[in-house]
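One structure below.
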Amino acid sequence: MYLKVLKQLGIILALCLMAEAAVSLLPFAFPSSVMAILLLAVLLCSGILKEEMIKETADFMLASMALVFVPLAVGIAEDLEILKEHIFGFVLALFLSLIITFVGTYASVRLVQICIIKRKEKGGQTDA
């Protein structure tokens, strides 16, 4: 069990490392986390990486994601006075990033779903 989880974590961390390397080669700034998601989508769609190869660890990481935002929330609460001075810009940035995140997430999920549907049609598999 532990070896399976370590192997899955190794795959996910290798994707993150590949994303960091790819971003360092780009002539412009690009978030490595976004590059990692794009790499993951490409590998899943192409069939090089199977969902089962990272499922348990990815599910655990998704379930624990809220813990990542606790320090951020505490940091914002500590600087509340500074935030009050720039509330309009903060709310605008928050709203725009929310919309962009929703659209980006929807687009990436649809892309993966389309790839999975095409793969199933190609293989003649059905879920019925």
Side-chain angles (χ1 to χ4, degrees):
M1 173 66 177
Y2 294 117
L3 289 177
K4 183 178 183 180
V5 170
L6 285 175
K7 181 181 175 186
Q8 292 178 4
L9 186 59
I11 291 170
I12 293 170
L13 292 176
L15 277 171
C16 292
L17 185 62
M18 289 188 313
E20 286 287 342
V23 165
S24 71
L25 298 174
L26 294 175
F28 52 88
F30 195 82
S32 60
S33 57
V34 174
M35 181 64 76
I37 292 170
L38 292 174
L39 282 172
L40 179 62
V42 167
L43 291 174
L44 285 170
C45 286
S46 67
I48 295 171
L49 185 65
K50 306 282 189 247
E51 180 185 350
E52 301 81 38
M53 296 170 75
I54 59 169
K55 183 167 178 39
E56 288 86 3
T57 303
D59 286 345
F60 171 77
M61 292 172 85
L62 284 172
S64 305
M65 195 179 345
L67 295 175
V68 174
F69 296 103
V70 171
L72 179 64
V74 170
I76 288 174
E78 288 177 351
D79 296 326
L80 208 51
E81 289 301 317
I82 296 171
L83 183 62
K84 285 180 184 176
E85 297 172 14
H86 305 285
I87 193 71
F88 178 75
F90 177 75
V91 171
L92 181 65
L94 186 68
F95 180 74
L96 289 176
S97 65
L98 180 71
I99 298 298
I100 292 168
T101 301
F102 280 154
V103 170
T105 302
Y106 172 77
S108 61
V109 167
R110 285 298 299 155
L111 176 67
V112 171
Q113 286 176 336
I114 289 168
C115 289
I116 290 171
I117 290 169
K118 284 183 180 179
R119 189 180 312 142
K120 285 184 179 182
E121 288 173 354
K122 192 176 189 181
Q125 298 174 348
T126 59
D127 287 337

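Every value quoted in this text rests on a predicted model; they were computed, and no experiment measured them.
- By the criterion of side-chain heavy atoms lying less than 4.5 angstrom apart, applied directly or through intervening Ile, Leu, Val, Met, Phe, Trp or Tyr residues, Leu40 is not grouped with Ile114; the two fall into different hydrophobic clusters.
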Using residues 80-99 as the side-chain source, report each donor-acceptor pair under 3.5 Å to any protein atom, sequence neighbours left out, with the distance given to one decimal.
from  : atom 1 : to    : atom 2 : distance (Å)
Ser97 : OG     : Ala93 : O      : 2.9
Ser97 : OG     : Leu94 : O      : 3.0

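- Across all their heavy atoms, Gln113 and Arg110 have their closest contact at OE1-NH1, 2.8 Å.
- A distance of 5.0 Å separates CD1 of Ile54 from CG of Leu49, quoted to the nearest 0.5 Å.
- Between the side chain of Thr105 and the main chain of Phe102, no donor-acceptor pair closer than 3.5 Å is present.
- Taking CZ of Arg119 as the reference point, atom SG of Cys45 lies at 7.0 Å (rounded to 0.5 Å).
- No single ILVMFWY cluster, assembled from side-chain heavy atoms under 4.5 Å apart, contains both Val112 and Ile11.
- A distance of 11.0 Å separates CG in Leu15 from CD1 in Ile37, rounded to the nearest 0.5 Å.
- Residues meeting the salt bridge (charged side-chain N to carboxylate O under 4.0 Å, His left out) test with Lys7, sequence neighbours left out: none.
- Counting only heavy atoms from C-beta outward, the side chains of Met53 and Gln8 never approach each other to under 4.5 Å.
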Output side-chain donor-acceptor pairs under 3.5 Å for residues 16-35, partner residues at least two apart or in another chain, one line each.
from  : atom 1 : to    : atom 2 : distance (Å)
Glu20 : OE2    : Ser32 : OG     : 2.7
Ser24 : OG     : Ala21 : O      : 2.7

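- In terms of hydrophobic clustering, with Ile, Leu, Val, Met, Phe, Trp and Tyr side chains grouped at heavy-atom distances under 4.5 Å, Met61 and Leu44 are assigned to a common cluster.
- Taking NZ of Lys120 as the reference point, atom SG of Cys115 lies at 13.0 Å (rounded to 0.5 Å).
- Leu62 CG: more than 12 foreign heavy atoms inside a 6.0 Å radius.
- Going from atom CZ of Phe60 over to atom CG of Leu9 covers 10.0 Å, rounded to the nearest 0.5 Å.
- A donor-acceptor pair under 3.5 Å links the side-chain atoms of Ser46 to the main chain of Leu43, judged by distance alone.
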